[in-house]
Amino acid sequence: MFVTPVIFTIFASLINGILSKSVELTFELPDSAVECFYQEIEKNTSAALEYQVITGGQYDVDVKIEAPNKQILYQQQKMQYDSHQFTAQQTGVYKVCFSNEFSTFSHKLVYMEFNVGPEKPLPGIGEHATVLTQLETSAEEIHSALNRIIDHQTHHRLREAQSRKRAEDLNERVFWWSLGETFAIMCVALAQVMILKNFFSDRPTLYNRK
């Protein structure tokens with residue numbers, strides 16, 4: 001077993017800058033391994049974790065969310081996908097761990113999205129002191145609709161990738177099963193030919209010898 005700690009803010013800085021509050025990534029989880037990610041969260045800040053196993057084994061993984069005081073906020077075993085929301089009760093570093101320790105052969109490919117805090121409003125709208133104009137209201141609605149579309153597209157891509165991998169695995173199993181059946185049929189046919197040939201072969205008998 002080995003543990004590979006990864007800081008959430010490292011991935012966030014590569015995507016949305018140092019102060020990003022959202023991270024979305026896909027990573028490989030080797031067999032008998034644990035991958036842990038860390039994120040500092042302020043007190044009374046909401047956070048949400050969503051994950052799905054894309055490929056590998058039975059498409060399941062153990063997941064745990066741990067608070068700075070070692071309290072377990074969320075723990076599930078052999079889950080294919082799930083989501084969990086919580087509010088930080090204290091300021092500190094929260095840990096999210098994905099475990100594949102129960103598997104000794106199967107590598108897993110896991111998708112994870114971790115959001116901290118409310119979504120940032122559009123520039124110029126969040127600090128608006130007066131009632132929003134019709135144009136600003138429409139822009140806000142379009143922004144929300146586009147975010148929902150992005151979420152739906154992400155989920156569809158994950159399901160498509162998972163279904164494609166299942167189909168490839170099934171096709172490989174059918175191929176090897178057909179190959180095995182073909183080999184078995186050829187062996188049976190060869191054995192039958194040898195047996196029939198043995199029946200009709202001329203052998204010296206007691207009468208022929210005289």
Side-chain angles (χ1 to χ4, degrees), residues 3-17 20-39 46-65 73-86 94-120 122 139-181:
V3 179
T4 307
V6 183
I7 305 294
F8 267 145
T9 51
I10 293 179
F11 291 98
S13 63
L14 294 177
I15 302 174
N16 295 323
S20 175
K21 296 293 183 180
S22 177
V23 115
E24 183 179 0
L25 57 91
T26 302
F27 63 94
E28 184 179 357
L29 185 60
D31 54 277
S32 304
V34 178
E35 293 281 358
C36 289
F37 304 88
Y38 299 83
Q39 173 65 49
S46 62
L49 171 69
E50 184 177 359
Y51 62 91
Q52 179 176 339
V53 181
I54 302 176
T55 62
Q58 299 298 321
Y59 300 87
D60 51 2
V61 70
D62 295 344
V63 185
K64 180 177 66 174
I65 301 177
L73 304 178
Y74 171 83
Q75 186 171 15
Q76 294 291 338
Q77 294 182 343
K78 296 185 177 181
M79 294 292 292
Q80 294 184 353
Y81 59 89
D82 197 13
S83 60
H84 179 71
Q85 296 182 352
F86 66 95
Y94 288 73
K95 180 170 67 172
V96 180
C97 289
F98 295 86
S99 173
N100 194 28
E101 294 178 292
F102 58 86
S103 178
T104 55
F105 299 102
S106 301
H107 288 225
K108 307 290 175 62
L109 189 64
V110 183
Y111 164 82
M112 176 193 67
E113 182 179 1
F114 193 77
N115 298 311
V116 178
E119 181 184 356
K120 294 182 180 180
L122 288 175
E140 182 69 19
E141 292 176 354
I142 292 174
H143 177 67
S144 300
L146 289 175
N147 285 335
R148 289 195 298 270
I149 291 174
I150 292 174
D151 291 338
H152 285 305
Q153 287 179 336
T154 300
H155 293 157
H156 280 299
R157 283 196 297 267
L158 291 174
R159 284 195 290 267
E160 187 273 334
Q162 188 180 67
S163 299
R164 184 177 67 252
K165 180 60 178 177
R166 288 180 182 269
E168 291 174 355
D169 292 341
L170 181 60
N171 181 65
E172 184 178 359
R173 292 179 182 180
V174 170
F175 170 76
W176 287 111
W177 179 262
S178 302
L179 192 64
E181 283 189 333

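In what follows, every heavy atom counts, from backbone to side chain, and hydrogens, waters and symmetry copies are set aside.
- Partners of Ile142 by side chain to side chain contact (heavy atoms under 4.5 Å, CB included), not counting sequence neighbours, listed by chain and number: Leu146.
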Using residues 170-181 as the side-chain source, report each donor-acceptor pair under 3.5 Å to any protein atom, sequence neighbours left out, with the distance given to one decimal.
from	atom 1	to	atom 2	distance (Å)
Trp177	NE1	Glu181	OE2	3.0
Ser178	OG	Val174	O	2.8

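- Partners of Asp60 under the side chain to side chain donor-acceptor pair (under 3.5 Å) rule, at least two apart in sequence or in another chain, are Lys108.
- Atom CD of Glu24 and atom CD1 of Ile150 lie 9.0 Å apart (nearest 0.5 Å).
- In this structure, Asn100 and Asp31 approach most closely via the heavy-atom pair ND2-CA, 3.4 Å.
- Take Thr26 and apply the side chain to side chain contact (heavy atoms under 4.5 Å, CB included) test, not counting sequence neighbours, and it matches Ile54, Leu109, Tyr111.
- Partners of His152 under the side chain to side chain donor-acceptor pair (under 3.5 Å) rule, at least two apart in sequence or in another chain, do not exist in this structure.
- Under the 30°/60° scheme for interplanar angles, the aromatic rings of Tyr94 and Phe86 are found to be tilted.
- Remark: Lys64 pairs with Glu66, Ile72, Gln75 by the side chain to side chain contact (heavy atoms under 4.5 Å, CB included) rule, at least two apart or across chains.
- Residues meeting the side chain to side chain donor-acceptor pair (under 3.5 Å) test with His84, sequence neighbours left out: none.
- Each of Cys97, Ser99, Pro30 was scored for a side chain to side chain contact (heavy atoms under 4.5 Å, CB included) with Glu35, with one residue passing: Pro30.
- Rounding to the nearest 0.5 Å places CD of Gln76 at 10.0 Å from CD1 of Ile65.
- Nearest heavy atoms, Ser106 versus Gly56: CB-C, 4.4 Å.
- Counting all heavy atoms, side chain and backbone alike, Cys36 lies closest to Val34 at SG-CG1, 3.8 Å.
- Residue pairs meeting the salt bridge (charged side-chain N to carboxylate O under 4.0 Å, His left out) criterion with at least one partner in residues 74-84, sequence neighbours excluded, are absent.
- Each side-chain hydrogen bond (donor to acceptor under 3.5 Å, both in side chains) pair with one or both residues in residues 49-59, not counting sequence neighbours, appears once here: Glu50-His155, Tyr51-Tyr74.
- Among residues two or more places apart in sequence or in another chain, the side chain to side chain contact (heavy atoms under 4.5 Å, CB included) test is passed with Glu168 by Arg164, Lys165.
- A 6.0 Å sphere centred on CZ of Phe102 holds more than 12 heavy atoms belonging to other residues, nucleotides or ligands.
- Gln85 pairs by the side chain to side chain donor-acceptor pair (under 3.5 Å) definition with nothing, not counting sequence neighbours.
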